[in-house]
K.L.:
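Sending over a structure as structure tokens; questions will come in a sec.
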Amino acid sequence: MARTGKQYLEALKANPPNLWYKGERVTDPTTHPVFRGITHTLAQMYEMQHDERYRDRLTYEEGGRRYPMSLLPAKTPADLARRSAAYKVWADANLGMMGRSPDYLNAVLMAYEASAEFFGEFADNVRRYVQYVRENDLATTHCLTNPQVNRAKSTAEQPDPYIPVGVVKQLEGGIVVRGARMLSTLPTADELLVFPSTLLKEGPGADKYAVAFAIPTNTPGLHFICREGLSAEGSAYDYPLSSRLEEMDCLTVFDDVFVPWERVFVLGDLARCNNAYAETGALMHMAHQVVVLKTAKTEAFLGLISLIGEAIGADAFPHVQEKIAEVIVYLEAMRGFWARAELEAKPNRYGLLCPNRAAIDGARNLFPRLYPRIHEIVQQVSASGLITLPSEADFDSPMGPYLEKYLQSATLPARERVQLFRLAWDMTLSGFGARQELYERFFFGDPVRMYQTLFAAYDKEPYKARIREFLGWKEQPKVEAVAGD
Ligand SMILES: Cc1cc2nc3c(=O)[nH]c(=O)nc-3n(C[C@H](O)[C@H](O)[C@H](O)COP(=O)(O)OP(=O)(O)OC[C@H]3O[C@@H](n4cnc5c(N)ncnc54)[C@H](O)[C@@H]3O)c2cc1C
């Protein structure tokens with residue numbers, strides 16, 4: 001049932017995840033300076049589910065109770081449209097800057113539930129687990145990739161067999177897993193989904209890595225070792241994004257973690273692990289949330305750059321207009337992918353309506369390449385305005401009158417102009433902004449391998465046939481080997 005912000009915070013306080021920050025255990029993330037911002041932002045997002053301005057878009061009703069829209073089973077085109085409308089509400093609230101808002105992995109869980117048969121003997125575990133997440137409206141995060149030890153070697157060939165997460169033993173009540181995953185964002189979620197993403201290759205000892213399960217983030221033996229925090233201490237004026245949306249990223253260690261059978265979804269089945277995302281429709285639904293999120297993010301950048309261009313009068317120059325128009329083109333491309341994904345949705349073999357794969361693939365492969373260019377445009381249009389950024393305290397000091405005079409702009413008083421540029425800085429240049437760029441390059445996978453997969457999977461034959469026909473070839477000409485002199 002759709003929960004409130006207070007319920008999320010209380011649960012987190014009562015059962016804090018096993019977080020390690022700078023050598024110390026974080027006992028209460030809701031008050032810790034690095035985690036306070038994101039936990040309270042998440043609480044506000046849950047609160048929105050009960051605000052009558054958003055309730056009907058963010059939740060659906062069943063049996064007199066309300067549930068998050070991102071868990072609404074997608075059966076009809078109208079369901080897809082309701083789902084994306086819900087994604088957009090949270091995305092807009094955060095300017096598209098939160099990668100692990102709970103709707104992201106809810107999209108995966110919804111697809112797993114609808115396609116539960118795929119999981120064979122574990123199908124009921126999947127169904128019951130998703131039902132549990134739905135009833136309690138839990139936030140989940142996930143960890144997919146193995147530690148970056150030696151990418152030239154396979155999972156089974158690393159210096160220690162339990163560097164990647166593998167099954168150590170099976171017990172009567174469940175399994176024991178050991179190893180690590182390279183990265184989990186948002187460790188302040190309630191639950192961690194552990195699925196393989198790297199293609200598992202057949203070979204001696206490979207079976208132990210073919211495992212998928214879900215565990216609470218406070219499970220004994222599970223440790224989230226955090227990176228340096230990016231949420232500066234200070235006001236939302238000074239740090240408009242990092243004070244609210246620092247999701248955190250962690251190395252995730254499994255030190256002989258016990259996973260009860262009811263939380264196991266795949267065991268010892270390489271093919272199932274390798275095909276889970278595509279076959280169940282999880283990939284398409286996850287990317288559906290992503291295309292909406294990235295559309296919202298591009299809209300936010302368009303608004304930002306337009307206000308900046310206007311503020312300093314730079315938008316009078318044709319090259320600045322051209323750069324802003326470039327962002328408009330990107331935005332319309334994202335909207336095009338989104339619309340086609342829904343218009344040409346098709347049911348998978350389990351009856352789950354899945355957004356169009358080609359449109360989804362287009363969006364998820366293009367955006368990582370557009371995004372650094374958007375950052376570049378912000379820098380090109382903003383120039384020194386992106387760094388001459390006194391703080392709120394300076395405005396209230398004896399320096400205030402200088403700032404009011406010298407940092408005024410064509411359309412904004414100094415305080416608001418600095419506030420706008422501080423947002424631009426946090427979107428692109430601060431530690432928070434720099435992480436966003438890295439995130440966009442990689443969060444959906446290695447862009448190089450994503451392109452390779454697209455090359456391999458895309459049906460190019462109709463286009464080759466058209467060229468052959470245009471050239472007047474009745475069929476593909478045969479090659480007679482021609483020897484040189
Ligand atoms: C900010 C951020 C947040 C993230 N959050 C999460 C999260 O919450 N959960 C999660 O599971 N993951 C998360 N990720 C990880 C993301 O899924 C990976 O970054 C992505 O899949 C790429 O894997 P990698 O980082 O291990 O890169 P690597 O695979 O180590 O790649 C490094 C380099 O080697 C090349 N390379 C490696 N292997 C091959 C190969 N076989 N063929 C050709 N080239 C190769 C790559 O092209 C790249 O240039 C996050 C990443 C970032 C940056």
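In listed order, ligands and their atoms are each counted from 1. Predicted model, so just to flag it, every value in this text is computed and none were measured.
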K.L.:
Taking only heavy atoms of L438, which atoms of ligand 1 are found under 4.0 Å from at least one of them?
P.N.:
53 (C)
K.L.:
Polar-atom distance check: Q452 versus ligand 1, any N or O pair below 3.5 Å?
P.N.:
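Looking only at distances, the answer is no, because the N/O contact criterion of under 3.5 Å is not met.
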K.L.:
May I ask you to check whether S184 has an N/O atom sitting below 3.5 Å from an N/O atom of ligand 1?
P.N.:
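No: no nitrogen or oxygen of S184 is under 3.5 Å from one in ligand 1.
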K.L.:
Examine distances only and state if a side-chain atom of S430 and a backbone atom of G433 form a donor-acceptor pair shorter than 3.5 Å.
P.N.:
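Yes; judged by distance alone, with no hydrogens or angles, the pair exists.
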K.L.:
As an exercise, identify every atom of ligand 1 less than 4.0 angstrom from a heavy atom of T145.
P.N.:
21 (O)
K.L.:
Counting each atom of ligand 1 from 1 as listed, which ones have a heavy atom of Y439 under 4.0 Å away?
P.N.:
1 (C), 2 (C), 3 (C)
K.L.:
Return each pair, listed once, that meets side-chain hydrogen bond (donor to acceptor under 3.5 Å, both in side chains) where at least one residue sits in residues 435-446; pairs must be two or more places apart or across chains.
P.N.:
R100-Y439, D249-R435, K294-E440, K297-Q436, K297-E440, H375-E437, E437-R441, D446-R449
K.L.:
Indicate, with yes or no, if the rings of Y458 and Y451 have centres closer together than 6.0 Å.
P.N.:
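No - the distance between ring centres of Y458 and Y451 does not fall below the 6.0 Å cut-off.
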K.L.:
Using 30° and 60° as the class limits, which term best fits the ring planes of F265 and Y129: parallel, tilted or perpendicular?
P.N.:
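Judged by the thresholds at 30° and 60°, the geometry between F265 and Y129 is tilted.
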K.L.:
Short list, please: which atoms of ligand 1 are under 4.0 Å from a heavy atom of G445?
P.N.:
20 (C), 21 (O)
K.L.:
Does R449 have a non-hydrogen atom less than 4.0 Å from ligand 1?
P.N.:
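Heavy atoms of R449 do come under 4.0 Å of ligand 1.
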K.L.:
Would you say the ring centers of Y46 and Y8 fall short of 6.0 Å from each other?
P.N.:
yes
K.L.:
Could you list the atoms of ligand 1 found under 4.0 angstrom from a heavy atom of L144?
P.N.:
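Ligand 1 atoms under the 4.0 Å threshold to L144: 10 (C), 11 (O).
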K.L.:
Among pairs that include at least one residue of residues 143-166, which meet salt bridge (Lys or Arg N to Asp or Glu O under 4.0 Å), considering only residues two or more places apart or in two chains?
P.N.:
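Qualifying pairs: none.
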K.L.:
With ring centroids as reference points, do Y87 and H288 lie under 6.0 angstrom apart?
P.N.:
yes
K.L.:
Regarding atom 26 (O) of ligand 1: of the candidates R100, R151, M182, Q148, which has the closest heavy atom?
P.N.:
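Among R100, R151, M182, Q148, the closest heavy atom to atom 26 (O) of ligand 1 comes from R151.
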K.L.:
As a quick check of understanding, evaluate ring-ring contact (aromatic ring centres under 6.0 Å, His included) for F195 and H142, giving each step before the final call.
P.N.:
CA-CA 8 Å; F195 273 82; H142 69 162; 8.9 Å; no
K.L.:
Check each of F442, F195, F443 against atom 20 (C) of ligand 1 and report the one with the nearest heavy atom.
P.N.:
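The residue whose heavy atom sits nearest atom 20 (C) of ligand 1 is F442.
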K.L.:
Within ligand 1, which atoms have a heavy atom of D249 less than 4.0 Å away?
P.N.:
3 (C)
K.L.:
Just to be sure I read this right, does ligand 1 sit under 4.0 Å from the backbone of T185, its side chain, both, or neither, counting only heavy atoms?
P.N.:
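Under 4.0 Å from ligand 1, T185 contributes backbone and side-chain atoms.
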K.L.:
Output yes when the distance from some N or O of ligand 1 to some N or O of D446 is under 3.5 Å, and no in every other case.
P.N.:
yes
K.L.:
Does Y21 reach the main-chain N or O of G229 with its side chain, forming a donor-acceptor pair under 3.5 Å?
P.N.:
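The answer is yes, because a donor-acceptor pair under 3.5 Å joins these two groups.
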K.L.:
Which of the numbered atoms in ligand 1 are under 4.0 angstrom from any heavy atom belonging to V448?
P.N.:
47 (O)
K.L.:
So is R435 polar-close to ligand 1, meaning N/O to N/O under 3.5 Å?
P.N.:
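The answer is no, given that R435 and ligand 1 share no N or O pair closer than 3.5 Å.
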K.L.:
Do H223 side-chain atoms and W20 backbone N/O form a donor-acceptor pair below 3.5 Å?
P.N.:
no
